[in-house]
Amino acid sequence: MDFLMDILSKLNSSQGKAATSDSKHLRIIAGAGTGKTRTLTYRVAYLLMKGIAPNRIVCITFTNKVAREMRERVQQILDENHFAFEGFPLISTFHGFCYRFLKKEIDSLGIYNRNFNIIDDEDRNRLYKEIFTGMGKKDNKDFCRSIVSTIDHIKTEGRYPEELSPKDVPLGSVFTFADLEKVYSQYQDQLRNQNLLDFDDLLILTVKLMEENPEIRSYWKRKFDDILVDEFQDTNAIQYRLLLLFMGEETALTVVGDPDQTIYTWRGAKNEIIKNSLQKDFPDLETVVLDENYRSTQNILDRANCLIKKNHDRIDKDLLAANHVKGEKVEYHDYFDNASEAREVSKTIYQLVQGGKAKFSDIAVIYRSNYLSNVLERQLALYQIPYRIYGGMKFFERKVIKDALAYLRLAVNPDDYSFLRILQAPTKGIGEVTLAKAKDWMAKEKRNNLLEVFRLDQDKLKIKSSSRLALKDFFDAYDRFQKKRENATDNDELFSAIASYLEETGFLAYVRRLDREETDRGSYVGSTGNGNEENVQELLHTLQQFFSSEYLGEDGKPQKPDLEDFLIEVALQSDQDTMEDGNQVSLMTGHVSKGLEFPFVFVTGLNENIFPTSHAVSSLAPEAIEEERRLAYVCMTRAQRRLYLSSFGGNDFIHGGSYRPSRFLKEAGVVSEMKPTLPDYQAHQGTRRPSSNPFAPTFMSKMGLAHSNKSNENEKYQVGDKVVHTTFGVGNVLAVEGNKIDVLFPEPFGKKKLAIGFKAFHKLKEE
Ligand code: ATP
Ligand code: MG
């Protein structure tokens with residue numbers, strides 16, 4: 001049993017015990033960074049090496065990124081121990097798991113077929129808009145918003161329109177029960193007509209099929225020997241129900257989680273499940289607790305421990321650094337305003353990298369909400385710091401990529417949203433009036449979809465001849481592609497059929513034309529990777545790679561994925577998946593940062609009404625603040641070596657008054673005393689109040705960039721000095737002439753003459 005020794009040598013004793021446990025029901029409950037995911041990874045490898053067949057193991061992770069990393073790591077452990085198997089266990093998110101299940105089983109529902117696709121947010125909004133327009137409610141924003149959020153909530157509970165109850169209408173609501181029933185049923189009907197599922201449908205339909213179909217259930221209940229789940233504290237009721245349905249008499253379950261990191265209760269997560277339900281459902285449950293943290297220094301953990309202790313109703317546990325390293329103190333700065341916070345953070349990053357202390361990829365900036373990234377992005381760009389935003393505009397959300405995908409989706413499942421896209425890319429000259437007529441006609445003649453209407457009813461719709469030609473070209477290419485797809489004997493053939501389909505439909509010519517037009521307008525940035533054609537090429541490249549990968553089929557044999565698999569893979573991308581690993585600073589929200597780690601972490605915008613959010617601050621339910629506190633705890637515990645916390649001042653135009661540092665700073669023990677907001681904060685024309693942070697002034701002067709209103713008149717410059725300018729970024733002093741300096745800034749700014757004393761720039765002092 002060499003592999004057993006190997007596994008035990010890579011883990012501490014509790015981790016090793018958990019990874020190799022023979023318990024049928026095992027719960028690993030432990031704080032951040034204690035090696036839960038690592039233990040789970042080793043457990044998967046252990047089970048395989050122990051002889052469990054790859055297709056009898058399923059491991060559920062919270063994101064595709066973690067799933068991918070886990071697969072690589074498991075493979076590595078197997079290689080190191082000279083084990084090789086045909087195929088690999090399914091390691092995926094709940095949604096990915098449900099897709100595999102539904103691909104096989106959904107036909108038996110009789111209302112969808114296995115070519116189903118997932119509706120994206122944009123099309124979902126469009127669908128709702130159509131429903132609201134039909135009801136004459138389109139302009140009643142309150143009505144639309146509240147009804148959609150009610151339906152979202154109901155879906156996280158796994159209920160369909162026929163299971164609604166009048167109690168689902170909140171007190172004092174702007175909509176009635178009849179409205180709710182109408183909107184929800186129309187929404188589901190539309191999806192069904194188009195063979196489209198939303199994210200929740202993936203889970204709900206899986207549960208329904210398992211619950212209502214004894215044959216399916218008895219087959220799948222016997223399929224798995226081991227089910228493992230990471231981040232179990234964020235499991236919601238329907239996911240748990242789903243899990244129980246797949247647990248046969250013989251199935252073993254391992255879950256890992258940290259109740260202090262439940263941050264998705266707003267999406268139905270219940271940490272009650274990890275805390276209590278498991279024990280009730282599995283009285284033989286074994287619990288392993290891990291208490292050593294391998295990620296962070298003790299100074300970081302002390303602050304995180306201190307913060308999370310403020311939550312009630314938790315099992316108290318302190319995180320201890322496994323290597324006993326105290327490390328640097330957690331830094332906290334209260335900045336003049338959010339622009340100076342962004343500038344100082346960028347500058348610190350710049351200095352860390354310049355000083356050889358870090359690579360850009362070692363650094364993450366984490367904030368509460370996406371909108372906070374704008375100001376950061378600007379400053380990072382000025383410092384020429386490469387960065388990537390997780391959860392920002394995803395590659396697959398770019399217009400041209402969605403257009404390309406619409407062509408592919410249309411071939412698999414001709415939904416109307418995809419067809420409407422291709423009518424515009426390139427345009428076939430179909431106007432709104434014809435489109436409305438086509439929709440009426442579709443309903444009247446019971447056509448399956450718009451594609452069919454535009455193929456068969458061109459005379460009825462009185463389509464003009466130029467449009468007919470454009471449509472004919474499209475349909476010809478489409479039909480040729482469908483034939484080739486049918487006859488393709490392998491994925492190489494399929495891939496080349498796809499490439500010629502995009503060419504023959506005129507789509508690629510259209511994309512090139514777009515690039516040319518953008519170049520003419522001077523906005524083309526092709527060489528930096530934002531060109532439309534480059535993006536489509538990148539998509540094809542990704543597709544080609546995907547086609548050459550393998551997954552373990554339901555029969556236990558490795559299989560090549562098909563086009564349907566690719567489209568679903570794309571639809572299930574999560575916010576963490578927008579990131580290619582390069583030497584870039586990572587920007588992300590706290591929610592997205594879950595499970596990740598970075599040597600240097602900045603948590604910015606730690607202000608009341610931002611983090612915690614105003615919603616939580618004004619909520620009467622103490623749980624709202626507790627959830628925000630857990631989120632802050634998640635953010636802080638991402639840091640390995642250094643943690644920088646910051647807040648900012650300035651006028652808060654939304655909530656009135658001026659911004660105040662977050663209560664979490666005091667609770668974490670980084671600020672000894674928090675002053676209440678005083679009106680005199682705004683005293684001198686909105687400039688910064690006296691800082692409530694005793695460390696701030698010394699730090700800022702050390703950095704050479706104190707408040708932006710500090711004069712730099714007396715600064716002495718010499719050739720070779722570095723200057724940081726609010727617009728041009730960081731430059732080198734080339735010449736000094738009296739009170740003027742020549743500075744060379746990066747392109748596109750180039751050489752600039754600056755007058756010393758001008759507030760827009762300062763000398764950059766190296767630490
Ligand atoms: P989170 O709660 O944030 O999800 P986690 O409990 O899943 O954290 P991991 O991500 O598994 O923690 O581990 C944190 C870090 O500590 C990783 O870099 C991991 O490789 C390392 N680590 C964990 N256990 C050990 C160990 N026994 N020896 C060396 N490194 C370890
Ligand atoms: Mg983890």
Side-chain angles (χ1 to χ4, degrees), residues 5-20 27-46 59-74 76-77 91 93 228-235 254-264 269 271 274 288-298 300-301 304-305 308 314-315 317-325 327 361-362 364 366 574 576 586 588 590-601 603 630-641 643:
M5 295 310 293
D6 178 62
I7 287 182
L8 295 178
S9 73
K10 303 279 173 45
L11 302 171
N12 70 30
S13 69
S14 323
Q15 292 171 336
K17 187 172 151 214
T20 60
R27 166 177 73 171
I28 303 168
I29 211 164
T34 50
K36 295 182 296 297
T37 304
R38 181 178 170 111
T39 304
L40 207 63
T41 310
Y42 275 89
R43 184 159 176 77
V44 172
Y46 168 78
C59 181
I60 306 285
T61 57
F62 202 78
T63 63
N64 296 315
K65 182 178 159 71
V66 173
R68 211 163 35 238
E69 284 167 4
M70 211 185 246
R71 276 196 288 270
E72 281 163 18
R73 193 73 197 104
V74 169
Q76 203 183 341
I77 301 168
I91 302 183
T93 59
L228 304 94
V229 190
D230 193 18
E231 304 274 4
F232 192 73
Q233 75 281 356
D234 269 322
T235 301
T254 305
V255 305
V256 314
D258 175 7
D260 285 337
Q261 293 186 69
T262 301
I263 53 175
Y264 281 93
N271 70 12
I274 190 167
V288 176
V289 178
L290 309 176
D291 44 25
E292 280 180 300
N293 175 296
Y294 287 84
R295 178 178 293 148
S296 316
T297 63
Q298 193 59 49
I300 294 172
L301 296 177
N305 286 333
I308 200 65
R314 62 180 285 276
I315 310 154
K317 56 184 191 303
D318 271 344
L319 291 173
L320 290 175
N323 57 12
H324 307 291
V325 171
S361 54
D362 291 337
I366 308 178
S574 67
Q576 277 190 2
S586 306
M588 69 193 84
H591 283 100
V592 173
S593 76
K594 184 172 152 125
L596 304 179
E597 60 189 13
F598 299 87
F600 297 82
V601 169
V603 184
R630 288 193 293 268
L631 184 58
Y633 171 79
V634 168
C635 296
M636 290 169 72
T637 53
R638 300 307 97 201
Q640 294 171 299
R641 283 164 47 198
L643 174 62

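We count ligands from 1, going down the list as the structure has it; atoms in each ligand are counted the same way. Counting begins at 1 with the first residue of the sequence.
Atom OG1 of T41 and atom CG of D230 lie 7.5 Å apart (nearest 0.5 Å). Atom CG of L631 is separated from atom CD1 of I263 by 5.0 Å, given to the nearest 0.5 angstrom.
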Exercise. Output, in order, the C-alpha distance, side-chain angles, deciding distance and verdict of salt bridge (charged side-chain N to carboxylate O under 4.0 Å, His left out) for K317 and D291.
Key: CA-CA 8 Å; K317 56 184 191 303; D291 44 25; over 6 Å; no
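Between the Q261 side chain and the Y633 main chain, no donor and acceptor come within less than 3.5 Å of each other. A donor-acceptor contact shorter than 3.5 Å is absent between the side chain of R638 and the backbone of F598. One N or O on the side chain of R71 and one on the backbone of I91 form a donor-acceptor pair closer than 3.5 Å. Between the side chain of D234 and the main chain of Y264, a donor-acceptor pair closer than 3.5 Å is present.
Within the structure, no pair that satisfies the salt bridge (Lys or Arg N to Asp or Glu O under 4.0 Å) test touches residues 32-41, not counting sequence neighbours.
At a cut-off of 2.8 Å, measuring from the Mg ion (ligand 2), the protein N, O or S atoms that fall short of it are T37 OG1, waters left aside.
The N/O atoms of G33, backbone and side chain alike, include one that comes under 3.5 Å of an N/O atom in ligand 1. At under 3.5 Å, not a single nitrogen or oxygen of Q640, backbone or side chain, sits near a nitrogen or oxygen of ligand 1.
For atom 11 (O) of ligand 1, the nearest protein heavy atom (residue, atom name, distance) is R38 N, 2.8 Å. The nearest heavy-atom contact from the protein to atom 16 (O) of ligand 1 is Y294 CB, 3.1 Å. The protein atom (non-hydrogen) at minimum distance from atom 2 (O) of ligand 1 is K36 NZ, 2.6 Å. Nearest to atom 24 (N) of ligand 1 among the protein's heavy atoms is Q15 NE2, 3.0 Å.
In this structure, R638 counts as a contact residue of ligand 1, since one of its heavy atoms falls inside 4.0 Å of the ligand. The closest approach between E231 and ligand 1 falls below 4.0 Å for a heavy atom of the residue.
At a threshold of 4.5 Å between non-hydrogen side-chain atoms, the residues N12 and Y294 count as touching.
The residue among Q233, E597, R295 with a heavy atom at the shortest distance from atom 17 (C) of ligand 1 is E597. Of all the listed residues (T37, N12, T637, T34), T37 holds the heavy atom that lies closest to atom 7 (O) of ligand 1. Distances from atom 9 (P) of ligand 1 to the heavy atoms of A30, G16, G35 show the closest one on G35.
For D258 and K594, the salt-bridge test fails: no basic side-chain N is under 4.0 Å from an acidic carboxylate O. Under a 4.0 Å N-O distance rule, the pair R68/E72 does not qualify as a salt bridge.
Residue-environment remark: NZ (K17) stays at or below the threshold of 12 foreign heavy atoms within 6.0 Å.
If you look at K10 next to ligand 1, the close heavy atoms, those under 4.0 Å, all belong to the backbone.
Close approach of ligand 1 to G31 (heavy-atom distance below 4.0 Å) involves ligand atoms 6 (O).
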